[in-house]
Amino acid sequence: MFLEEADFRSDTVTRPTAAMLDAMQTAPVGDDVLGDDPTVKKLESLAAERFGMEAGLFCPSGTMTNQIAINVHTRPGDELICSPLAHIYNYEGGGVAFNSGVQVRTGGDAYGRILPEDVHRLVQPEMDVHAAPSRLLVVENTANKGGGTSMGIPLLKNLESAARQHHLAYHLDGARVFNAIVREGESTEDYALFDSISICLSKGLGAPVGSVLLGSKEFIAQGKRIRKRFGGGMRQAGYLAAAGIYALDHHIDRLAEDHEKAAMIDQWLAALPYVVERKPCQTNMVLFRIDAVGGASALQAHLAQKGVRIMAMDTEWLRIVTHLDIQEVHLQQLNKGLTSFKP
Ligand SMILES: *Cc1c(COP(=O)(O)O)cnc(C)c1O
């Protein structure tokens with residue numbers, strides 16, 4: 001759908017297309033908390049099958065799917081390992097501590113990737129009573145705050161070995177896993193190496209709401225109870241699930257266009273004197289740092305005057321994200337805005 005403003009803040013700002021709305025309107029529905037919604041069941045089994053997992057659970061958000069996974073994999077007092085840039089650590093309202101009583105130990109590079117040697121270093125000694133037991137390794141692919149970094153299946157497999165060696169459960173925050181899959185030419189089945197996977201339908205795939213948690217039958221059965229406890233049981237959710245099914249069937253391959261647009265924007269930024277650092281642009285986002293402290297909000301305000309919205313991550317770092325609703329005219333507006341900024 002055409003957006004009045006050139007909105008590059010996030011790939012969550014998309015509106016459903018006419019065809020997606022049609023699929024939603026005509027979906028058969030029931031009360032999903034009572035187990036009656038055929039469209040929710042269809043989405044859950046479709047997503048599980050594609051990723052080579054046994055079962056799926058439709059949830060209102062990716063925060064909820066991650067938080068349910070953490071809750072099922074751990075007990076209070078346990079520790080999980082993730083990147084210091086991880087969404088679960090930075091952007092889920094302290095949910096790891098609040099919902100599960102778990103603490104976080106972080107490591108990895110500036111692009112949100114963790115390496116097997118990080119895991120070996122961060123795992124706590126099993127027999128040491130001083131330490132919180134390490135129970136769970138969470139990786140994010142693509143890594144949002146890392147710049148949309150793709151980790152690649154070989155690394156994810158090596159991390160699986162490290163997790164198994166230390167008896168850690170292995171969870172993927174795959175909010176943007178389809179961007180990684182499209183970039184790397186991977187297949188969804190390559191991801192069956194995780195104990196649990198969270199995928200988001202409302203990011204690049206363009207659905208209005210929803211994420212799916214994937215795992216074994218037993219894991220998902222436990223997750224269903226936690227979803228109810230967290231207040232995430234939904235009734236005629238088939239209308240929303242229908243948007244997700246439509247997105248899985250029609251909006252994956254086109255992510256390559258978002259990646260091309262981001263690469264183009266990255267090139268524009270490379271030529272701007274006030275841009276002093278960029279994270280490698282691999283998928284649908286560009287993270288860049290500008291010179292003066294406080295400059296981020298000045299650039300943001302300058303662009304806003306020109307009808308262009310981007311996100312300031314802090315006082316220096318900004319983020320531009322491409323998505324389904326970005327059109328040529330928006331790109332031109334952005335280019336004009338960027339080149340006319342005088343810090
Ligand atoms: C967006 C996002 C989520 C989930 O966010 P919700 O807004 O709760 O759906 C989880 N992980 C990452 C990396 C994300 O970018």
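Both ligands and their constituent atoms are indexed starting at 1 by order of listing. By convention here, the first residue in the shown sequence is residue 1.
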Min side-chain heavy-atom separation Leu168-His73 under 4.5 Å: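 No - every pair of side-chain heavy atoms lies 4.5 Å or more apart.
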Tell me, do Asn66 and Glu92 make a side-chain contact under 4.5 Å, heavy atoms counted?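 They are in side-chain contact.
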Which atoms of ligand 1 are found less than 4.0 Å from any heavy atom of Asn66?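 Answer for ligand 1: 10 (C), 11 (N).
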Heavy-atom contacts with Ser61 under 4.0 Å: which atoms of ligand 1 show up? List them by number with element.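 Under 4.0 Å from Ser61, ligand 1 has these atoms: 8 (O), 9 (O).
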Is it the case that ligand 1 has an N or O less than 3.5 angstrom from some N or O of [X]?
X	result
Asp173	yes
Thr63	yes
Glu140	no
Arg176	yes
Gly62	yes

Record the part of [X] in heavy-atom contact with ligand 1 below 4.0 Å; permitted values are side chain, backbone, both and neither.
X	value
Ala175	side chain
Lys203	side chain
Thr12	neither

Does a donor on one side chain sit under 3.5 Å from an acceptor on the other, for Tyr191 and Asn141?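 The criterion, which ignores hydrogens and geometry beyond distance, is satisfied for Asn141 and Tyr191.
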Positive for side-chain hydrogen bond (donor to acceptor under 3.5 Å, both in side chains) with His259, one of Asn179, Thr322, Thr283: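 Among Asn179, Thr322, Thr283, the one meeting side-chain hydrogen bond (donor to acceptor under 3.5 Å, both in side chains) with His259 is Asn179.
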Sort out for me which residue in Thr65, Leu57, Leu43, Val40 forms a side chain to side chain contact (heavy atoms under 4.5 Å, CB included) with Val212.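 With Val212 as partner, Thr65, Leu57, Leu43, Val40 yield a single side chain to side chain contact (heavy atoms under 4.5 Å, CB included), made by Leu43.
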CZ (Arg75) with more than 12 external heavy atoms under 6.0 Å: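 Atom CZ in Arg75 is not crowded, with 12 or fewer foreign heavy atoms closer than 6.0 Å.
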Take a 6.0 Å sphere around CD of Glu49 and say whether it holds more than 12 heavy atoms from other residues, nucleotides or ligands.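 No.
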Single-linkage hydrophobic cluster, 4.5 Å side-chain cutoff, Val209 and Phe230 together: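 In one cluster: no.
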Of all the heavy atoms in Lys145, does at least one lie under 4.0 Å from an atom in ligand 1?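 Judged by the 4.0 Å heavy-atom criterion, Lys145 does not count as contacting ligand 1.
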